[in-house]
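Counting begins at 1 with the first residue of the sequence. Keep in mind that what you see is a predicted model, and the values were worked out from it rather than measured.
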Amino acid sequence: MQINFDNKINEIIKILALEAERFGVKIYFIGGLVRDILMGKKPLDIDILVEGDAIQFVQFLGDFVQIKSLHKDFGTIKTQISGIDIDFASTRKEKYPISGCLPVVEKIGCKLEEDLIRRDFTINAIAVRILPTLEYQLIDLYNGCKDIKSGILRVLHKKSYIDDPTRILRGLDFQLRFNFNFCDEDKKIIKEYLKNPNREGLSKDRVVLTLKKLFSSNERALFALEEFYKKKYYKILYDEFYIDVNKFKSSIALFNVEDFGKVCLSYIVEIRKEQAPTLKNRFEIYKYFSNFSDVDLCVYYLKTEDNNAIIYFKELKNVQVYLKGSDLLGMGFTQGKIIGFILDKITEVKLAKNSTVISFEDEVNFVKNTFKL
Ligand code: CTP
């Protein structure tokens, strides 16, 4: 197998392979990197799998490597070598005591085959052995190459989605990114799982991380959301979930949100059903929404249909008070509650429809005409 890295990376990989031989471990490319190369894409990250203990191997490499962080329990270590980010992982055996929980590592430094079987899809379970001659040996125990060619997503064992339901969402991501499809068998298993998902031990953090990745591209966010809803993937997290895609599109336009991946993510993750509060006037509306980002406003509106969010966005959001407390002290007012009271009054008058208090000078005049020193 041929892999064309640039000279600098080739040089580093050659040294790593020689050192691995000296240390007595085999090293491989694995996962997304191999999949991307086989699909003719430029790999984004360099991940190296060590058939053994990756942390010990990196420590053996000494000054050649700069360690950025390490995760002892998982045997993973992030490094930089001559300015290139390279992540090392130990081969590991895992088990899932409860469906959806974070995996528990049973063994670090297991055989390659045992590491491959813990992975998500056949397309991500292809290893490439790295030799010091820069020859590369493909190890495809689960016909991942065939599945890449046919655009098929297939798990490695029947319990895979039950162990880790985020794989359903990862599958959706690959579906949208690469136009891949779940194989019929997997479609059946997913459908069955979603009928009665066990969320008892579910790692919500892991689901949110996977959703973040799924919604990281604006281009695909709305498709992802539609599929998430139509295929009932929301059942991984909740029994009930509802979206109206047209309403989504119009709200995104209404609040001029550019990052609608963030809207989708926040809409899904924030299960809290917003209760629209009773806001009596424009000042209260202004105060209530003042910490909301445009994404928050859009999500809030989608959940509540509260028109106050639109009033805030269109009429109040950009209202600004120029006078500061220090200016008021300079005008002769004394320190204390009165300062906040006056600043609130200025805000209130500026928020009124067709207010004539606009500039700094208008504010000063308003204060002089309204409050006695
Ligand atoms: N993996 C897994 N189950 C998960 C997440 C990841 O088995 N829930 C494994 C897969 O073998 C995957 C590898 O860990 O290939 C690395 O995962 P990640 O970096 O998240 O994704 P990539 O597959 O590398 O793809 P990309 O970064 O392009 O999305």
Side-chain angles (χ1 to χ4, degrees), residues 28-39 41 43-45 47-49 71 74-76 87 89-106 110 112-128 139-194 197 201-216 224 227-228 231 233 236-237:
Y28 306 86
F29 292 130
I30 187 79
L33 183 144
V34 176
R35 182 198 67 222
D36 288 351
I37 291 171
L38 290 170
M39 288 173 71
K41 295 181 193 295
L44 299 172
D45 314 302
D47 298 316
I48 289 182
L49 180 71
H71 205 318
F74 281 82
T76 54
D87 293 353
S90 312
T91 43
R92 63 179 191 259
K93 223 175 146 178
E94 292 178 340
K95 65 172 180 193
Y96 292 81
I98 311 175
S99 166
C101 70
L102 286 179
V104 174
V105 176
E106 277 189 309
C110 63
L112 175 72
E113 301 82 72
E114 292 174 304
D115 180 275
L116 294 182
I117 194 79
R118 75 167 173 87
R119 292 176 180 268
D120 52 0
F121 299 106
T122 58
I123 60 164
N124 289 335
I126 308 167
V128 170
I139 301 163
D140 182 13
L141 304 180
Y142 302 101
N143 292 320
C145 290
K146 188 164 162 250
D147 284 343
I148 287 179
K149 279 203 190 98
S150 343
I152 290 288
L153 296 165
R154 192 193 311 275
V155 281
L156 300 171
H157 58 92
K158 287 201 163 122
K159 253 188 95 227
S160 186
Y161 294 115
I162 298 164
D163 283 345
D164 178 2
T166 65
R167 288 176 173 166
I168 300 171
L169 301 172
R170 283 175 63 82
L172 173 58
D173 191 36
F174 293 131
Q175 192 181 324
L176 298 175
R177 273 163 67 190
F178 307 139
N179 220 358
F180 280 20
N181 269 306
F182 291 110
C183 65
D184 289 342
E185 173 81 19
D186 283 27
K187 280 184 194 157
K188 263 192 232 152
I189 303 175
I190 293 172
K191 221 171 161 182
E192 252 341 279
Y193 170 78
L194 295 175
L202 184 73
S203 160
K204 197 170 168 211
D205 287 351
R206 195 179 207 194
V207 179
V208 172
L209 266 182
T210 314
L211 286 171
K212 261 192 192 153
K213 200 164 170 189
L214 181 62
F215 289 110
S216 60
E227 287 294 297
F228 182 80
K231 300 270 166 59
Y233 295 161
I236 296 170
L237 282 167

So do K93 and V105 actually touch side chain to side chain, heavy atoms under 4.5 Å? no
Would you indicate whether K187, at its atom NZ, is surrounded by more than 12 heavy atoms from other residues, nucleotides or ligands within a distance under 6.0 Å? yes
Taking only residues two or more places apart in sequence, or in another chain, which ones meet K188 in a side chain to side chain contact (heavy atoms under 4.5 Å, CB included)? none
In a table with atom names and distances, give each donor-acceptor pair under 3.5 Å that connects a side chain of residues 161-171 to protein atoms at least two apart or in another chain.
residue: Y161; atom: OH; partner: D186; partner atom: OD2; Å: 2.7
residue: D163; atom: OD1; partner: K159; partner atom: NZ; Å: 3.0
residue: D164; atom: OD1; partner: T166; partner atom: N; Å: 3.0
residue: D164; atom: OD1; partner: T166; partner atom: OG1; Å: 2.4
residue: D164; atom: OD2; partner: T166; partner atom: OG1; Å: 3.4
residue: D164; atom: OD2; partner: R167; partner atom: NE; Å: 3.4
residue: D164; atom: OD2; partner: R206; partner atom: NH1; Å: 3.1
residue: R167; atom: NH1; partner: S160; partner atom: OG; Å: 2.8
residue: R167; atom: NH2; partner: R118; partner atom: O; Å: 2.8
residue: R170; atom: NE; partner: D120; partner atom: OD2; Å: 2.7
residue: R170; atom: NH2; partner: D120; partner atom: OD2; Å: 3.0

Non-hydrogen side-chain atoms of I236 and L194 separated by less than 4.5 Å: yes
Shortest non-hydrogen contact from C145 toward I126: N-CD1, 3.7 Å
Starting from the C-alpha separation in whole Å, work towards a yes-or-no answer on side-chain contact (heavy atoms from CB on, under 4.5 Å) for D147 and F121. CA-CA 9 Å; D147 284 343; F121 299 106; over 6 Å; no
Quick one: are I48 and L33 in side-chain contact, heavy atoms under 4.5 Å? no
Between E227 and L172, what is the shortest heavy-atom contact and its length? CB-CD1, 3.6 Å
Step-by-step side-chain contact (heavy atoms from CB on, under 4.5 Å) determination, F74 to E94: CA-CA 10 Å; F74 281 82; E94 292 178 340; 3.9 Å; yes
Answer yes or no: is there a donor N or O on one side and an acceptor on the other, between the side chain of T91 and the main chain of C110, under 3.5 Å? yes
Locate the shortest heavy-atom distance separating Y96 from C101; write the atom from each residue and the value. CD2-O, 3.4 Å
Residues Y28 and I139: closest non-hydrogen pair is CE2-CD1, 3.5 Å
Distance col, row F174:CZ vs N181:CG, nearest 0.5 angstrom, shows 14.0 Å
Hey, could you give me the CD1/CD distance between I190 and E185, rounded to the nearest 0.5 Å? 11.0 Å
Of all heavy-atom pairs linking K158 and I189, the shortest is O-CG2, 3.9 Å
Say you draw a straight line from CZ of R177 to CG of L214; how long is it, rounded to the nearest 0.5 Å? 10.0 Å
Measure the shortest side-chain to side-chain distance between P43 and F29 over non-hydrogen atoms and say whether it is less than 4.5 angstrom. no
Validation row: D87, D45 side chains within 4.5 angstrom (heavy atoms): no
Between CG of L102 and CG of L202, what distance do you get to the nearest 0.5 Å? 9.5 Å
Can you tell if the side chain of T210 reaches within under 4.5 Å of the side chain of K213, non-hydrogen atoms only? no
Could you measure the distance from the CG atom of L116 to the CG atom of N124? Nearest 0.5 Å is fine. 11.0 Å
Taking the side chain as everything from C-beta on, heavy atoms only, tell me whether F182 gets closer than 4.5 Å to V155. no
Write down the atom of A89, the atom of T76, and the distance for their closest heavy-atom approach. CB-CG2, 4.0 Å
Any heavy-atom pair between the side chains of V128 and I37 that's under 4.5 Å? no
Given F178, which partner from the list D173, L153, D36 fulfils the side-chain contact (heavy atoms from CB on, under 4.5 Å) test? D36
Could you tell me the separation between the CD1 atom of I148 and the CG atom of L38, rounded to the nearest 0.5 Å? 4.5 Å
